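Not measured: the values here are computed from a predicted model.
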Amino acid sequence: MDLNAITDQERIRRQKLAELRERGIDPYPARCERTHTAKQAKAAFERGELGPDDIVALVGRIMTRRIMGKASFAHIEDGSGRIQIHVRRDLLGEETYNWFFKKMLDIGDIIGVKGPIFRTRTGEITCEVREITLLTKTLHPLPDKWHGLTDVETRYRHRYVDLMVNPEVREIFVKRAKLVRAIRDYLDSEGFLEVETPILQPIYGGAAARPFTTYHNELEQELYLRISFELYLKRLIVGGYERVYEIGRDFRNEGVSFKHNPEFTQLEFYEAYTDYHGVMRRAEELISYAVEQVNGSLKLTFQGHEIDFTPPWPRVPLRDAIHEKTGIDIMQYRGDADGLRKAMRDIGGNPNPEAGWGKLVDSLLSSYVEETLIQPTFIVDYPVDISPLAKRSPENPDIAERFEGFIGGMEICNAFSELNDPLDQLERFLEQGRALAAGDEEAHPVDEDFILALRFGMPPTGGFGMGIDRLTMIVTDKPSIREVILFPHLRTKLQGVT
RNA sequence: GGGGCGCUAGCUCAACUGGUAGAGCAGCGGACUCUUAAUCCGCGGGUUGGGGGUUCGAGUCCUCCGCGCCUCACCA
């Protein structure tokens, strides 16, 4: 539990460190030799390119050992994988074998070996060690070679140990990188420009969330860590770029859960001269492309559910989705929050007494509908009052042209026909400002410069935001967002109690 | 923030209604030239998350605190 404690095992390793230095061996040499990775050496041998006279130089961490009197086996592991080494006394000499290899080296040490590659009687490709060099002495013992490290708290707090001994964890972040790469490939090939916008913002916006606050000393100014990129990316559309995107970190000062981390990775793209229908088509194309690139197939298993990403995905009006799950027709209570609250209580719900119609509708969605949306599904047409940056439906001014994409029972993305009417946008900001003043801490503050940008004219635009972490959860079949974030947020352990 | 569960050796886990804290791996010493969870013999290793309490006696019961997990609330 306490990895900082000096145990008897570490004390022994520190003694070895001193003994190595006494004998003139640098336990942390500056240079090393390598001709092949473990994987390359095995592949070259398989192809017949390495004969008994070809010497390879390998490096890696000692992961297992089977020590015997005059010849031993071990596995070393580098970034490409493991390879077995065979260490013989008659090839290395008495001192190197008995003292250096058997006494001074430990599991976890990083070494270099040189020698030819051969195949053992049991068929394993193995390096016959002629030279062995210490590259890094390890002082802390590794976790159990068989059970590995399973304690989630230790795995997250000391992720390097988790990665070291759990190759399947390393694989998660390889997949994550492939996913992000595929998203970039798609957007780049469609003519989107990747941009970077401020993380430190004087006014936060683009989402309903409480921000982290910080302070610039020289400017004597309070700043916020962004909760979304939206208002900056739309300024770029005003400026004349037709297709822009950003992949980066958002910060939201809210609770943590299996699908919430205080900082998380978001993709947002904005595309001029399209609407939310166009964005829906692009969203299913983008996501299915990225999933197929990572997964090799449009079908995968997430938490026991077979999920099929093949487009097109169903478009279900929010009104219908809620009606199907609850029997409540939200449009029947339009503008009648109290009536809707009563209907919610009638089906056993516990509606927020402060919430307006839109927020109640949203809570119906998250309480009754969201977890049932396993297959990729677009829920479309949301209440305007919880969509302050989305364009109104021409057919119904209470409804915004907005959709959210759900996969595996989680909201994955959120998009709309962007509101480009500056006066309507100002009115919605003011509405939000009143909510903020009334105590809704997640409402939008007014961004006057953004209104000015809209007054210069933003073309009809579709915008899209997606949680990369959640999509990674789906693709790697992980039940918690912490499994797909290398260093998830945990409370800091304090030294000394009370 | 509320509720529930958990925290024992470096790692993975035991320890019945309170009665001497154990095992496997890892480590240390020894044997062993095709092993791969190597095997065999022997040995050491603990402030049972922390403080306080009840008791002849606490890993176990009570209490406060810390951290984690689940859940509810919250959450575009």
Side-chain angles (χ1 to χ4, degrees), chain A residues 1-13 15-16 63-75 82 84-91 97 102-103 106-108 118-124 126 128 138-157 161 165 206-210 227-228 230 252-260 318 350 352 355 358-359 361-363 365-367 370 379 382-383 385-390 400 402-404 411 413-416 441-444 465 467 479-480 482 490-498:
Chain A
M1 183 148 248
D2 182 3
L3 292 190
N4 295 314
I6 305 295
T7 62
D8 58 334
Q9 292 198 46
E10 174 145 5
R11 213 167 290 123
I12 289 163
R13 291 192 182 201
Q15 283 162 15
K16 292 179 181 178
M63 300 304 287
T64 64
R65 277 194 310 183
R66 293 164 294 284
I67 289 192
M68 289 170 286
K70 300 192 185 70
S72 302
F73 290 94
H75 279 101
R82 288 188 184 190
Q84 183 168 255
I85 61 173
H86 190 220
V87 185
R88 292 169 52 159
R89 194 176 70 181
D90 57 359
L91 292 176
Y97 185 77
K102 285 170 72 171
K103 299 296 178 203
D106 290 291
I107 288 175
F118 73 108
R119 199 183 283 275
T120 64
R121 279 175 212 161
T122 53
E124 180 159 357
T126 301
E128 187 72 86
T138 300
L139 297 181
H140 201 289
L142 261 52
D144 187 294
K145 66 183 172 190
W146 189 243
H147 300 97
L149 180 67
T150 62
D151 179 77
V152 292
E153 187 175 352
T154 310
R155 288 183 47 232
Y156 297 158
R157 285 190 194 280
V161 186
V165 300
R210 289 150 68 193
I227 59 174
S228 88
E230 174 150 2
R252 296 186 185 175
N253 204 341
E254 313 230 338
V256 298
S257 81
F258 75 94
K259 57 181 177 179
H260 295 91
L318 178 58
N350 182 24
N352 181 342
K359 282 214 163 201
V361 168
D362 193 50
S363 83
L365 170 64
S366 52
S367 301
E370 181 169 1
I379 299 292
Y382 282 65
D385 54 324
I386 55 166
S387 312
L389 300 162
R402 170 180 172 189
F403 73 87
E404 291 185 315
E411 179 203 333
C413 60
N414 178 27
F416 22 90
E441 293 186 83
E442 296 186 339
H444 283 64
S480 165
R482 295 181 201 105
L490 295 181
R491 195 185 298 264
T492 306
K493 281 197 173 181
L494 298 173
Q495 302 285 345
V497 189
T498 60

*Rounding to the closest angstrom, what is the interatomic distance between B:G68 and B:G29 at atom P?*
39 Å
*Name the pairing partner of B:A15, where a pair is Watson-Crick or G-U wobble with both distances under 3.5 Å, or state none.*
none
*B:C65 C1' sits how many Å from A:Arg491 CZ, rounded?*
12 Å
*Ignoring hydrogens and angles, are the base of B:G27 and the side chain of A:Asp106 linked by a donor-acceptor pair under 3.5 Å?*
no
*A:Thr120 (side chain) and B:U35 (base): donor-acceptor pair under 3.5 Å*: yes
*Using the P atom in both, what is the distance from B:C65 to B:G1, to the nearest Å?*
11 Å
*Calculate the interatomic distance between A:Leu142 atom CG and B:A37 atom P; express it in whole Å.*
18 Å
*Considering only the C1' atoms, how many Å lie between B:C25 and B:A9, rounded to the nearest integer?*
12 Å
_Whole-Å gap separating P (B:C11) and CD (A:Glu153)_ = 12 Å
*In whole angstroms, how far is the C1' atom of B:G1 from the CG atom of A:Asn253?*
15 Å
_Using only modelled atom types and a 3.5 angstrom limit, is any donor from either the side chain of A:Gln9 or the base of B:A26 paired with an acceptor on the other?_
yes
*Ignoring hydrogens and angles, are the base of B:G44 and the side chain of A:Asp8 linked by a donor-acceptor pair under 3.5 Å?*
yes
*Strand partner of B:G59, provided both Watson-Crick or wobble distances fall under 3.5 Å*: none
*Mind checking who B:A37 pairs with, Watson-Crick or G-U wobble, both distances under 3.5 Å?*
none
_Please report the distance separating the C1' of B:G27 from the corresponding atom of B:U12, rounded so that it comes out in whole Å._
16 Å
*With no angle test and no hydrogens, is the base of B:U35 tied to the side chain of A:Glu124 by a donor-acceptor pair under 3.5 Å?*
no
*Quick one: look up who B:G6 pairs with, Watson-Crick or G-U, both distances under 3.5 Å, and put none if it's unpaired.*
B:C67
*Inter-nucleotide P distance (B:C13, B:G66), Å rounded*: 26 Å
*Take the protein atom CH2 of A:Trp146 and the nucleotide atom P of B:A38, then report the distance between them rounded to whole Å.*
9 Å
*Report yes if a side-chain nitrogen or oxygen of A:Arg482 is closer than 4.0 Å to either non-bridging phosphate oxygen (OP1 or OP2) of B:C69; otherwise report no.*
yes
*To the nearest Å, give me how far apart CD1 (A:Ile67) and C1' (B:A31) are.*
13 Å
*Tell me the partner of B:G42, counting only Watson-Crick (N1-N3 plus N6-O4 or O6-N4) or G-U wobble (N1-O2 and O6-N3) with both under 3.5 Å; none if nothing fits.*
B:C28
*Taking a pair as Watson-Crick or G-U wobble with both distances under 3.5 Å, which nucleotide is matched to B:G1?*
B:C72
*Separation of the P atoms in B:C43 and B:A38, to the nearest angstrom*: 23 Å
*Pick the P atom in B:A37 and in B:G49, then give their distance to the nearest Å.*
33 Å
_Distance-only donor-acceptor test, A:His260 side-chain atoms vs B:C75 base atoms, 3.5 Å_ = yes
*Do the side-chain N or O atoms of A:Arg13 get closer than 4.0 angstrom to the phosphate oxygens (OP1, OP2) of B:A26?*
no
*Between B:G68, B:U33, B:A76, which nucleotide gets closest to the side-chain atoms of A:Asn414?*
B:A76
*Determine the contact category for A:Ile12: base if any of its heavy atoms lies under 4.0 Å from a base atom, sugar-phosphate if only primed atoms, P, OP1 or OP2 are that close, otherwise nothing.*
sugar-phosphate
*If the C1' atom of B:G51 is compared with that of B:C7, how far apart are they to the nearest Å?*
16 Å
